[in-house]
Student: 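Quick one: the structure is below, and I'll ask about it shortly.
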Amino acid sequence: MLKIMLLTRKYQNIFKLHFIVFILGFTAILGKLIEIPAIELVWYRMMFAFIAVFFFLKVRSINFAVPRRELLKIVATGLIVAAHWIFFFHSIKVSNVSVALGCLSSGTLFASILEPLLERRKISWLEIIIGFIIIIAIYIIFQFEMRYYLGIIFSIICAFLSSLFTVINKNLTARNNANVITFYEMIAGFIGVSIYMLLSKNISEIQLALTWNDFIFLALLGTVCTAYAFVATVDIMKQLSAYTIVLSINLEPVYGILLAFFIFGESERMTPGFYTGALILLACVFLYPIIKRKYFNNKNC
């Protein structure tokens, strides 16, 4: 009976994770619709997010306290999250939604290396093999979409940072409240981006003025697609491995690319080579859990 309950809870977490991924599919759409530059966009996103999480913690009467020894790790992770988002939106601005989301799937490769290193467990050969297949897929995309090379590079950096903070957050949630972690990470990222803007730009160059549409899109991005999605994902990390989470999040391109094509039309139409590479990436997402369950006796999946 206990085994059935644990299995049911696991599938509930997987279903919840995929619902979150569907929400994340709108992130790139909103990123393209919002007209301000990527850095200012992330600044607003993190501001809306930490305000939303703050009220959530207040309503739930959750204690904001975290151990001092953990706070530095949380702050550093918040800065990584901010950098991840900046590279992601830069990728969209210099290429398009399809390129940014397609190459984001390379996070599986980085997770296959980072998680064993940081958690000091044996490297899974299956994960490494999947990672090399992903390298081939990215090479195919590069071959056919060189006009978007800058967007591809930004997206791959974004994928690395995504895998890094996912693995770190998994360890942090084992000892701390997921909602509190998210709150401090959003504040840390917000402050980090603020300092970066002040140091790298003249005040006159910072574009914080918003149209009404930008304000609405940023509010949705900061609350639903960030605060809720981030808190829920961090919470799920208590039950699922970082690799499984990164792998599932790779389904984000499926939703995002389809939405982008219907919303933006011809600007999202790519060459057959791109779709070949993207399909290989997505095949890894679907085949990994099937192969692992059938041939590998690993409960941490």
Side-chain angles (χ1 to χ4, degrees), residues 21 23-46 49 79-111 134-135 137-166 189 192-193 196-197 200 207 214 217-218 221-222 225-226 229-230 246 249-261 263-271 273-275 277-282 285:
V21 174
I23 292 175
L24 292 175
F26 288 99
T27 300
I29 305 299
L30 292 172
K32 186 165 184 177
L33 289 172
I34 296 168
E35 296 179 358
I36 60 175
I39 295 174
E40 285 86 340
L41 191 160
V42 173
W43 185 84
Y44 272 115
R45 181 181 189 179
M46 301 197 94
L79 297 177
I80 294 171
V81 173
H84 154 72
W85 283 339
I86 288 171
F87 278 108
F88 178 66
F89 290 118
H90 265 313
S91 177
I92 293 172
K93 300 292 185 182
V94 300
S95 56
N96 60 25
V97 172
S98 297
V99 168
L101 289 176
C103 295
L104 193 61
S105 297
S106 61
T108 308
L109 168 63
F110 299 119
I134 287 170
I135 290 176
I138 294 172
Y139 174 77
I140 292 171
I141 291 173
F142 257 113
Q143 287 292 98
F144 289 93
E145 297 297 343
M146 280 303 295
R147 57 184 170 147
Y148 293 133
Y149 76 95
L150 200 55
I152 293 170
I153 292 171
F154 285 156
S155 184
I156 292 173
I157 296 172
C158 164
F160 169 77
L161 294 172
S162 174
S163 300
L164 180 59
F165 78 71
T166 299
V193 174
Y196 176 79
M197 285 196 300
S200 64
Q207 300 179 38
D214 277 354
F217 293 147
L218 281 164
L221 182 64
C225 297
T226 305
F230 207 89
V246 171
I249 289 175
N250 286 339
L251 286 172
E252 181 182 340
V254 176
Y255 307 123
I257 289 172
L258 288 174
L259 286 168
F261 182 77
I263 294 173
F264 302 117
E266 287 299 316
S267 66
E268 294 294 327
R269 189 180 295 277
M270 311 297 290
T271 63
F274 169 85
Y275 293 113
L279 283 173
I280 293 173
L281 287 172
L282 295 173
V285 174

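For this chain, numbers begin at 1 and follow the sequence in order.
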Student: Taking atom CG of Leu41 and atom CD of Glu35, what is their separation to the nearest 0.5 Å?
Tutor: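 Atom-to-atom, Leu41:CG and Glu35:CD are 11.0 Å apart.
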Student: Using every non-hydrogen atom in the two residues, find where Gly192 and Leu79 come nearest and quote the distance to one decimal.
Tutor: CA-CD2, 3.7 Å
Student: If you compare all heavy atoms of Ala100 against all heavy atoms of Ile92, which two are closest, and at what distance to 0.1 Å?
Tutor: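 Looking at all heavy atoms of both residues, the closest pair is CB-CG1, 3.6 Å.
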Student: Return the CG to CD distance between Leu218 and Glu40, rounded to the nearest 0.5 Å.
Tutor: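 The CD atom of Glu40 is 11.0 Å from CG of Leu218, to the nearest 0.5 Å.
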Student: Hey, does the side chain of Lys93 reach the backbone of Gly151 with a donor-acceptor pair shorter than 3.5 angstrom?
Tutor: no
Student: Kindly indicate whether the side chain of Val81, heavy atoms from C-beta on, has any atom under 4.5 Å from the side chain of Met46.
Tutor: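 A side-chain contact exists here, since the closest heavy-atom pair is under 4.5 Å.
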Student: Could you go step by step and tell me if Phe160 and Ile80 meet the side chain to side chain contact (heavy atoms under 4.5 Å, CB included) rule?
Tutor: CA-CA 10 Å; Phe160 169 77; Ile80 294 171; over 6 Å; no
Student: Does Ala83 have any side-chain contact (heavy atoms from CB on, under 4.5 Å) partners at least two apart in sequence or in another chain, and if so, which?
Tutor: Leu161
Student: Give the intermediate values and the outcome of side chain to side chain contact (heavy atoms under 4.5 Å, CB included) for residues Phe264 and Leu33.
Tutor: CA-CA 10 Å; Phe264 302 117; Leu33 289 172; 3.7 Å; yes
Student: Any chance you could lay out the side chain to side chain contact (heavy atoms under 4.5 Å, CB included) test for Leu101 and Phe88, step after step, and finish with the verdict?
Tutor: CA-CA 9 Å; Leu101 289 176; Phe88 178 66; 3.9 Å; yes
Student: Do Gln207 side-chain atoms and Ile36 backbone N/O form a donor-acceptor pair below 3.5 Å?
Tutor: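 No; judged by distance alone, with no hydrogens or angles, the pair does not exist.
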Student: What's the shortest heavy-atom distance between Ser155 and Val99, and which atoms?
Tutor: OG-O, 4.0 Å
Student: Taking ring pair (Phe, Tyr, Trp, His ring centres under 6.0 Å) as the definition, give me every residue that meets it alongside Phe154, ordered by chain and number, with sequence neighbours left out.
Tutor: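 Residues passing ring pair (Phe, Tyr, Trp, His ring centres under 6.0 Å) with Phe154: Phe87, His90.
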Student: Atom CG of Leu24 and atom OG1 of Thr226: how far apart are they, to the nearest 0.5 Å?
Tutor: 8.5 Å
Student: Looking at every heavy atom in both Gly31 and Phe89, which two are closest together, and how far apart are they?
Tutor: CA-CE2, 3.5 Å
Student: Which heavy-atom pair separates Phe110 from Ile156 by the least distance, and what is that distance?
Tutor: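 Residues Phe110 and Ile156, closest heavy atoms: CE1-O, 3.7 Å.
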Student: Enter the distance from Trp85:CH2 to Leu221:CG here, rounded to the nearest 0.5 Å.
Tutor: 8.0 Å
Student: With side chain to side chain contact (heavy atoms under 4.5 Å, CB included) as the test, would you mind laying out the steps for Thr27 and Arg45 before giving the verdict?
Tutor: CA-CA 11 Å; Thr27 300; Arg45 181 181 189 179; 3.7 Å; yes
Student: Which atom pair, heavy atoms only, marks the closest approach of Val193 to Ala82?
Tutor: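 Taking Val193 first and Ala82 second, the nearest heavy atoms are CG2-CB, 3.8 Å.
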